[in-house]
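Everything on this sheet refers to the single structure shown next.
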Amino acid sequence: MGPMCHFFFLVLVFLEANPAYPECNPECICSDDSFGRSLLCMDISLRKILGNIPKDIKKLRIENSHLTELPHGSFSNNSALEFLWLNFNNITVIHPETLEHLKDLKELRLQGNRLCTVPWTAFQATPCLNILDLKHNRLDVLPKQALQYLINLTYLDLSFNQLMVVSEDVFIQWPMYQKSQQLISKAEGISNVVLALHNNPWMCDCHLKGLVQFFKFIRPPVILMNSYLMCRGPVSKAGQFFYEVELNSCMKPKMSTPNSNITIQVGLNITLSCLAQASPLPNIVWTYPLKKLKEFDVSTSPIGEDSIQSELVIPSAHLADSGNYTCMATNSMGSSSIPISLHVQPPQTVPSSSSYLASVEEHSYIYMRITKQTVYGIVLEWYAVTDNPSETWFTLYFGIYEAVKKEIVSIGPGINTYWVNDLLPATKYEACISLQSQPPRKDQCIVFVTGSDISELEKREKIIHIIVVVCALVLAVPIGMYVCASEAHIGGLGHCLCHCPQRRNGARCPSTVIESKDTMFNNLTTVCDRNQLLLVLLMHCMLGVGREVGSFM
């Protein structure tokens with residue numbers, strides 16, 4: 001054999017003894033250890049998995065490198081991977097097919113990321129997976145089929161997440177748990193299966209009863225890393241351990257009431273009450289088809305572990321409050337309701353309804369007007385002087401003028417405004433305010449008509465599009481003295497012309513918009529003595545009533 005042949009032979013032997021490795025990323029470290037060839041990338045700025053990872057790498061560790069996503073095909077060229085550590089990154093999304101080429105993967109660690117969910121079906125591609133570490137993430141849901149594809153998993157860490165409720169079926173259907181139970185019954189040995197579920201905000205209500213019972217009686221080879229699982233809520237169970245808490249079964253609300261048929265006199269306060277027994281505790285809502293019930297009218301409080309009471313307070317009941325009220329309770333198991341009938345009777349202790357109303361109004365003063373107008377709504381404001389202002393309730397009636405049923409709102413003491421939204425164009429409305437439980441009279445109402453040109457209104461949001469037809473009666477002025485306004489821009493004298501005593505059988509105020517001052521004057525002179533009219537004009541113009549009328553325009 002010649003010298004050249006000897007040289008090539010020696011080169012061949014050297015290459016066989018020292019195989020060439022692909023180069024590592026310059027920011028990472030390659031090494032050989034007991035696991036095989038490893039690639040370590042620490043504290044470098046990455047937004048995605050490196051594309052030039054050597055194919056023979058068996059252990060890949062990328063930590064503190066700002067990864068945010070594991071897209072499809074991230075490891076398509078690394079089928080030799082057995083250990084994948086991606087701890088302390090910012091991973092929020094894992095594509096369902098991210099792991100499809102890692103059939104030999106044994107260990108996956110994703111500690112300290114931002115995962116709210118995991119594509120559990122992705123583990124169909126990793127039948128050899130033994131260790132899955134997901135602690136310190138944001139997982140809040142664990143589906144019943146979550147562990148179905150982890151057929152050889154012996155270590156699962158879900159601690160320090162946001163799990164509140166998990167079904168026991170998640171672990172009962174876990175192949176490793178089922179296998180352990182079969183081997184126990186056959187008295188055969190099996191390696192331990194370790195679970196870590198501590199430091200989650202467990203909500204210990206009826207939904208968690210199955211899981212609590214499961215862990216109370218769990219035995220090796222299934223082992224809890226920390227057996228002191230603690231309840232975070234509800235308040236009655238907070239701080240208790242699973243092994244000491246007793247939970248009831250879930251049930252649909254059962255409703256009851258101490259009195260389902262109530263009769264009271266007008267003007268009295270009344271409290272409607274209902275009791276709901278349910279697990280978990282339900283939400284309670286009161287409904288009444290003829291009236292909006294304000295939140296301050298309702299109080300709800302638990303009176304036991306599985307019971308809650310709700311009360312609806314109706315202050316100074318009036319005739320319009322009569323009807324059927326419904327108390328409805330709803331939880332995750334369903335809903336139930338109970339009706340309560342309220343009958344409000346007119347007063348029987350006063351000689352007549354007229355004298356009763358007069359006694360209430362004798363020391364009362366009420367004045368209502370429209371203070372703000374927008375494209376689709378108005379603000380009603382009223383001023384009242386009563387004997388007991390801190391205890392005076394008002395009742396506001398509002399709706400389309402022709403409608404039989406109006407929206408009825410109870411207004412508490414200290415409130416003197418109400419915002420009405422979503423007015424329809426070219427529609428006649430009526431708003432009435434009354435003291436306490438008294439039904440309103442026509443002279444306590446404002447009737448107005450909305451404009452018809454919506455497109456123009458949208459262009460000019462500040463346009464005053466309300467035409468006041470009938471204004472409120474000011475109770476402080478003599479009986480029959482009314483304030484009327486119209487779309488016409490009438491001056492101070494015109495406003496004064498609109499003030500006149502009415503004949504007992506005559507019309508109180510025009511029912512349509514006043515067209516002109518001449519027409520108005522002619523109409524007034526038909527029912528007003530001219531001398532009396534001049535006196536009224538003089539007095540009210542001096543008192544500045546015209547300015548008050550102007551506020552309605």
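Under 4.0 Å is where a charged nitrogen must lie from a carboxylate oxygen, and between R138 and D140 no such pair does. The residues K144 and E168 are annotated as not salt-bridged, no charged nitrogen and carboxylate oxygen being separated by less than 4.0 angstrom.
In this structure a side-chain-to-backbone donor-acceptor pair under 3.5 Å is missing from S159 to K135. For S65 (side chain) and I62 (main-chain N/O), no donor-acceptor pair under 3.5 Å exists by modelled atom type. Formation of a donor-acceptor pair under 3.5 Å by the N200 side chain with backbone atoms of N161 is found in this model.
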Taking distance alone, no hydrogens or angles, what donor-acceptor pairs closer than 3.5 Å link side-chain atoms of residues 249-258 to residues at least two apart or in another chain?
| residue | atom | partner | partner atom | Å |
| --- | --- | --- | --- | --- |
| S249 | OG | K209 | NZ | 2.9 |
| T257 | OG1 | N259 | O | 3.4 |
| T257 | OG1 | S273 | O | 2.6 |

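Sequence neighbours left out, the pairs with a member in residues 70-84 that pass side chain to side chain donor-acceptor pair (under 3.5 Å) are H72-E97, H72-E100. For residues 47-68, no pair satisfies ring pair (Phe, Tyr, Trp, His ring centres under 6.0 Å), with sequence neighbours left out.
In this structure, the side chains of E69 and T92 stay at 4.5 Å or more apart for every pair of heavy atoms. Between N269 and V313, the closest side-chain pair of non-hydrogen atoms is not below 4.5 Å. Two residues are said to be in side-chain contact when any heavy atoms from C-beta on lie closer than 4.5 Å; D133 and W85 fail this criterion.
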For this session: Report the C-alpha distance between E305 and K237 in whole Å, list the side-chain angles of each, state the deciding distance to 0.1 Å, and finish with yes or no for salt bridge (charged side-chain N to carboxylate O under 4.0 Å, His left out).
Result: CA-CA 10 Å; E305 185 175 344; K237 299 289 190 299; 2.8 Å; yes
For this session: Decide side chain to side chain donor-acceptor pair (under 3.5 Å) for Q148 and W174; before the verdict, give the C-alpha distance in whole Å, the side-chain angles of both, and the deciding distance to 0.1 Å.
Result: CA-CA 5 Å; Q148 181 177 341; W174 187 11; over 6 Å; no
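Between Y177 and F214, the ring center distance clears the sub-6.0 Å criterion. Residues F171 and F215 bring their aromatic ring centres within 6.0 Å. Annotation: H136 is in aromatic contact with F160 [ring centroid separation under 6.0 Å].
Counting heavy atoms of neighbouring residues, nucleotides and ligands inside a 6.0 Å radius, atom NZ of K216 exceeds 12 of them. Other residues, nucleotides and ligands contribute more than 12 heavy atoms inside 6.0 Å of the CG atom of N130.
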